[in-house]
2 protein chains.
Amino acid sequence: MTAIIEFQERKLGSRCCEGVAQPQLDPAAAQRLSDDLQILGHPVRLQILDILAQHAGQVCVCDLEAALPVKQPTVSHHLKLLRSAGLIDSERHGQWAYYFIRRDSLAELRTRVSQWLNVLG
Amino acid sequence: MTAIIEFQERKLGSRCCEGVAQPQLDPAAAQRLSDDLQILGHPVRLQILDILAQHAGQVCVCDLEAALPVKQPTVSHHLKLLRSAGLIDSERHGQWAYYFIRRDSLAELRTRVSQWLNVLG
DNA sequence: AGAGTATATTGACAACCTTCGATGTACCTG
DNA sequence: CAGGTACATCGAAGGTTGTCAATATACTCT
């Protein structure tokens with residue numbers, strides 16, 4: 001209720017929308033950040049990343065299936081999304097596919113997100 | 001390609017899925033974080049927050065409409081989502097609605113996201 | 001009161017996302 | 001080779017999200 005009284009108030013009755021406000025974030029950057037945030041914005045994907053971070057390189061799909069509240073095709077689907085986003089990768093050993101986090105990509109994503117959170121705050 | 005050779009390899013032929021892997025993140029925390037990330041995961045909402053961060057308390061809906069690539073009902077829609085998430089609030093002055101960021105809620109969100117990014121990395 | 005402006009809400013539509021059964025592929029073991 | 005296991009892919013169903021024209025609400029000024 002006191003949020004704007006410290007600013008000079010816009011003259012009432014004057015036309016608004018003078019085009020003063022412009023985002024610092026250009027549309028491309030906004031899209032990129034939004035993609036980053038969206039790939040993280042699902043509980044199953046968050047938990048997958050969490051597990052992979054703890055057991056790097058030793059996690060196969062059926063481990064994930066056992067730890068998560070979704071069936072195998074769904075696990076594979078989310079793994080595919082995370083891989084397309086560059087956040088994880090896998091190696092096949094025999095019949096198992098071992099998944100692991102790509103620390104480099106994840107670090108870049110973290111930098112982008114952190115920077116934005118700082119700009120905002 | 002060298003990701004797993006530094007770990008003791010699971011004995012081939014043995015049964016997998018021994019239930020070893022468990023997320024640190026409980027389902028409720030995963031859901032919460034996911035909600036946080038999802039509300040941020042849209043370019044228009046990112047740009048709204050960006051503009052509000054720069055012009056706190058002096059931004060009305062038509063300013064946003066002028067700065068964004070969507071029409072007024074869509075702007076109002078995203079504002080409503082951001083308000084439901086507790087990230088922004090508004091004050092009416094005459095016919096204008098001035099929106100502003102709720103720094104406290106945003107700070108809490110940032111803490112949750114940052115902490116998770118750190119745990120992960 | 002009446003005309004005009006700013007914003008919110010409604011309702012409809014399209015696009016997208018999530019999920020899972022069914023099926024396909026690859027590999028290992030006997 | 002046959003049977004079993006791990007994983008990927010397909011396709012369908014259902015849910016959610018984003019968008020906007022139309023409309024409603026509320027305020028301002030004459």
Side-chain angles (χ1 to χ4, degrees), chain A residues 9-19 21 27 30-31 34-35 37-48 58-85 88-100, chain B residues 9-19 21 27 30-31 34-35 37-48 58-85 88-100:
Chain A
E9 219 171 298
R10 195 198 301 268
K11 183 169 167 293
L12 293 180
S14 67
R15 200 76 186 63
C16 78
C17 312
E18 285 138 7
Q31 186 61 57
S34 158
D35 290 346
L37 293 162
Q38 233 168 286
I39 191 72
L40 298 179
H42 190 288
V44 168
R45 290 195 290 273
L46 287 179
Q47 290 181 97
I48 288 176
Q58 293 200 112
V59 187
C60 63
V61 177
C62 58
D63 286 322
L64 293 170
E65 187 185 359
L68 297 171
V70 291
K71 303 283 185 186
Q72 179 265 319
T74 305
V75 174
S76 280
H77 172 67
H78 287 296
L79 287 170
K80 190 177 186 179
L81 292 180
L82 288 167
R83 168 146 45 187
S84 310
I88 65 175
D89 206 346
S90 69
E91 263 178 63
R92 232 181 205 275
H93 273 235
Q95 32 187 350
W96 291 279
Y98 294 93
Y99 278 84
F100 52 92
Chain B
E9 217 169 301
R10 195 198 301 265
K11 184 168 167 293
L12 294 179
S14 69
R15 201 72 188 65
C16 77
C17 313
E18 286 140 6
Q31 186 61 57
S34 159
D35 289 345
L37 294 162
Q38 233 169 299
I39 191 71
L40 298 179
H42 190 288
V44 167
R45 290 193 291 272
L46 287 178
Q47 290 182 95
I48 288 175
Q58 295 200 112
V59 187
C60 64
V61 177
C62 58
D63 286 323
L64 293 170
E65 186 185 0
L68 296 170
V70 291
K71 304 284 186 186
Q72 178 264 319
T74 306
V75 174
S76 280
H77 172 65
H78 288 295
L79 287 171
K80 190 176 186 178
L81 293 179
L82 287 168
R83 167 148 41 188
S84 309
I88 66 175
D89 207 344
S90 68
E91 262 178 64
R92 231 177 206 275
H93 273 234
Q95 32 188 350
W96 290 280
Y98 294 93
Y99 279 83
F100 53 91

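Note: hydrogens, waters and symmetry copies are ignored here, and every other heavy atom, side chains too, is used. Naming: A, B, ... by sequence-line order, numbering from 1 per chain.
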**OP:** Choose from dT5(D), dC7(D), dA8(C) the nucleotide whose nearest atom is closest to any side-chain atom of Ala97(B).
**Re:** dA8(C)

Original post:
What residues form a salt bridge (Lys or Arg N to Asp or Glu O under 4.0 Å) with Asp89(B), not counting sequence neighbours?
Top reply: Arg83(B)

**OP:** Specify the separation, in whole Å, of atom CD of Glu91(B) and atom P of dC27(D).
**Re:** 15 Å

Original post:
Between atom CG in Leu79(A) and atom P in dA6(D), what is the gap in whole Å?
Top reply: 16 Å

Original post:
Roughly how many Å is it from NZ in Lys80(B) to C1' in dT17(D), rounded to a whole number?
Top reply: 14 Å

Subject >> Spacing of Ser84(A) atom OG and Leu79(A) atom CG [to the nearest 0.5 Å] >> reply: 10.5 Å

Original post:
CH2 of Trp96(A) versus P of dA8(D): gap in Å, rounded?
Top reply: 14 Å

**OP:** Measure the distance from CG on Asp35(B) to P on dT16(D) and round it to the nearest whole Å.
**Re:** 13 Å

Original post:
What's the CD1-C1' distance between Ile48(B) and dT19(D), to the nearest Å?
Top reply: 13 Å

**OP:** State which residues pass side chain to side chain contact (heavy atoms under 4.5 Å, CB included) with His78(A); sequence neighbours excluded, sorted by chain then number.
**Re:** His42(A), Val44(A), Arg45(A), Ile48(A), Thr74(A), Leu81(A)

Subject >> Rounded distance (nearest 0.5 Å) linking atom NE2 of His77(B) with atom CG of Leu82(B) >> reply: 10.0 Å

Original post:
If you look at every heavy atom in Trp96(B) and Cys60(B), which pair is closest and at what distance?
Top reply: CD1-SG, 3.8 Å

Subject >> Under 4.0 Å protein heavy-atom contacts per nucleotide of nucleotides 15-20 of chain C, with B for base, S for backbone only and - for none >> reply: ---SBB

Original post:
How close or far is atom C1' of dG4(D) from atom CD of Gln95(A), stated in whole angstroms?
Top reply: 8 Å

Subject >> Closest non-hydrogen atom pair, Arg92(B) against Gln95(B) >> reply: NH1-O, 3.4 Å

Subject >> Along DNA chain D (nearest heavy atom to each residue), the more 5'-positioned of Arg92(A) and Arg92(B) >> reply: Arg92(A)

Subject >> Integer-rounded Å distance: dA6(D) P and Tyr99(A) OH >> reply: 15 Å

